[in-house]
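Structure first, then comments.
Position 1 is the first residue of the sequence, and the numbers go up from there.
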Amino acid sequence: MRRTLRLTAALLTALTLGVGTPAAAHPATPQWKPLAYAAAPADNPLKGFMPFAGDYETFPHSMEWFYLPLRDVMTGPEQFRWSAFERQLDAVAGRGHQAVFRFYLDYPGKPTGIPQYLLDAGLVTRPYQDFGNNGVSVAPDYSDPRLVTALENFITALGRRYDGDPRIGYITLGLIGFWGEWHTWPYDGWTQPENWMPGTDVLTRVLGRYEAAFDKTFLLARYPSPENKPLNVGYHDDSFAFETLPPTSWHFVQRLIDNGVTDKWRTQPVGGELRPEIQSCLWDEPVSCPQYENYAESVAQTHASWLINHAAFTGGGFTGDKYQRALAGARSLGYELTVTGAALARDRVTVRVENRGVAPFYADWRAELAIVDSRGRVERRWHTGWSMAGIQPGQDATTLSARIDTRGLRPGRHTVVMRVDNPLRNGIPLRFANTAQNTSTGWLTLGTL
């Protein structure tokens with residue numbers, strides 16, 4: 001069973017060092033120093049806007065998106081060649097970013113992503129003209145047992161090799177339907193008589209294999225459904241601010257409501273793509289899109305953490321007030337953690353952390369404390385048991401306390417700092433929404449001893 005964020009009072013109020021004890025166990029009243037708020041950077045990790053993978057400096061971001069055809073990796077029923085995937089992950093990580101991706105079998109307008117050995121074995125495929133495809137890609141017969149087994153084997157191999165890989169931010173399930181988006185509209189049995197989607201039994205098998213294969217890396221499904229409701233799987237809305245808000249039955253939030261998962265964001269992330277037609281015009285003043293939904297309301301109702309918004313990165317990006325409006329839109333996604341106060345003693349550091357965003361920070365990255373000199377060089381470091389995962393928006397501050405050992409330090413005043421480091425080497429550190437936050441090193445100054 002994949003790890004979930006445990007939203008117990010113990011997690012939110014009594015996270016400690018392994019050798020320490022909860023703050024409540026120390027009756028002495030700490031002397032609190034307030035820390036001032038300032039908006040966190042828009043390129044905080046695991047949130048915000050992202051482009052399709054590439055080297056862009058036109059808009060701040062911490063993640064990059066890519067698709068990959070399954071045939072580039074899977075060469076036989078249990079044979080895999082990971083080099084193409086590794087090149088993508090390494091290119092993104094080389095720019096200090098985490099990757100979000102999807103494997104596909106059928107991408108309209110692109111050559112088939114079906115592994116060649118399945119085609120050679122006689123897998124039935126269907127040509128179509130829709131979405132400008134003009135017969136380039138083909139839809140496979142998802143009910144074929146050989147294909148179902150292939151998908152299960154691939155998911156198992158992917159999880160065994162990449163679960164918890166620090167180069168990966170999120171995985172969208174993919175594999176099924178046009179663009180790997182788990183739909184074959186208009187071939188859905190309603191719009192067209194033919195229904196090309198696999199049956200519930202196949203979908204359940206694929207979902208179950210993902211659940212079993214991944215314990216650390218977060219997974220996102222395209223549509224809320226009875227089959228994925230009980231699973232540790234989040235969601236992605238790929239028509240964000242276009243087909244998001246209720247009450248229309250096929251809109252994303254209405255699907256959340258109808259499937260009883262409107263609170264799932266508290267433990268599982270929500271992402272997606274700002275609908276391509278509105279990625280640029282949504283930031284005009286006034287909004288110049290002929291059709292769109294209120295962006296702020298879409299963020300508020302979905303609690304989205306990240307969105308593909310490639311238009312912000314291409315063609316020179318946005319400028320002037322339009323850039324600032326888009327920047328505010330990116331900042332409004334996901335978490336915004338701020339340390340509201342710190343209490344420092346020779347043997348203990350205690351902090352209070354609030355979340356002023358719309359979603360938690362989901363990853364179990366641990367915090368560390370340090371003493372630094374006047375040049376910012378670390379003199380002493382302590383790893384803590386503190387995790388920022390699961391601190392909920394709108395709740396009272398979470399109090400975290402840890403023992404430190406300052407014996408042997410030179411006499412004088414010492415600056416105490418705190419950091420939540422990114423496990424990706426050269427990755428962007430989590431930055432707190434505070435004026436005392438160093439946005440380049442990740443260290444937040446708590447005060448002096």
Side-chain angles (χ1 to χ4, degrees), residues 52-54 64-94 98-128 133 135-182 184 196-199 201-217 219-222:
F52 282 73
E64 301 177 29
W65 166 266
F66 66 85
Y67 290 93
L68 204 66
L70 183 58
R71 68 184 289 122
D72 279 10
V73 166
M74 194 169 194
T75 60
E78 295 186 28
Q79 287 80 48
F80 305 95
R81 182 180 57 225
W82 299 104
S83 55
F85 186 45
E86 281 288 326
R87 285 194 297 271
Q88 287 275 30
L89 291 179
D90 284 344
V92 173
Q98 264 113 354
V100 187
F101 60 87
R102 179 188 312 161
F103 282 89
Y104 68 86
L105 295 170
D106 181 9
Y107 189 119
K110 291 183 180 294
T112 182
I114 301 169
Q116 188 62 41
Y117 82 91
L118 287 170
L119 296 174
D120 293 342
L123 176 69
V124 173
T125 61
R126 304 177 178 96
Y128 58 94
N133 183 51
V136 176
S137 184
V138 290
D141 176 8
Y142 293 102
S143 65
D144 189 309
R146 295 169 298 184
L147 177 57
V148 178
T149 298
L151 297 181
E152 290 181 314
N153 289 347
F154 167 72
I155 294 165
T156 297
L158 183 69
R160 184 181 298 122
R161 186 179 177 99
Y162 291 103
D163 186 31
D165 192 309
R167 296 172 296 177
I168 298 172
Y170 307 94
I171 300 175
T172 65
L173 301 186
L175 296 176
I176 291 173
F178 298 142
W179 301 284
E181 288 188 7
W182 286 54
T184 52
W196 293 355
M197 277 293 287
D201 58 333
V202 172
L203 297 178
T204 300
R205 285 176 62 179
V206 171
L207 286 166
R209 191 56 62 99
Y210 268 118
E211 173 86 351
F214 287 90
D215 182 62
K216 298 175 182 177
T217 302
L219 307 172
L220 288 80
R222 175 62 180 95

Using atom types as modelled and distance alone, determine if a side-chain donor or acceptor of [X] lies under 3.5 Å from a backbone N or O of [Y].
X	Y	value
N153	E78	no
Y170	L220	no
Q116	T75	no

### Message
I want to check something: taking the side chain as every heavy atom from C-beta on, are W82 and V73 in contact at a cut-off of under 4.5 Å?
### Response
yes
### Message
Are Y128 and P108 packed together at the side-chain level, in the sense that at least one heavy-atom pair is separated by less than 4.5 angstrom?
### Response
yes
### Task
Measure up the F66 and F101 rings against each other and bin them: parallel (under 30°), tilted (30 to 60°), perpendicular (over 60°).
parallel
### Task
Apply the side chain to side chain contact (heavy atoms under 4.5 Å, CB included) test between I114 and each candidate in L147, D106, V138, L70; give the one that qualifies.
V138
### Task
Any chance you could measure E181, atom CD, to T172, atom OG1, to the nearest 0.5 Å?
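With rounding to 0.5 Å, CD (E181) is 8.5 Å from OG1 (T172).
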### Point-to-point distance, once rounded to the nearest 0.5 Å, from CH2 of W182 to CG of L203
5.0 Å
### Query
Side chains of T156 and R209: donor-acceptor distance under 3.5 Å anywhere?
yes
### Query
Looking just at side-chain N and O atoms, do Q88 and Y67 make a donor-acceptor pair shorter than 3.5 Å?
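Looking only at side-chain atoms, Y67 and Q88 do not form any donor-acceptor pair under 3.5 Å.
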### Query
Who are the side chain to side chain contact (heavy atoms under 4.5 Å, CB included) partners of A213, not counting sequence neighbours?
I155
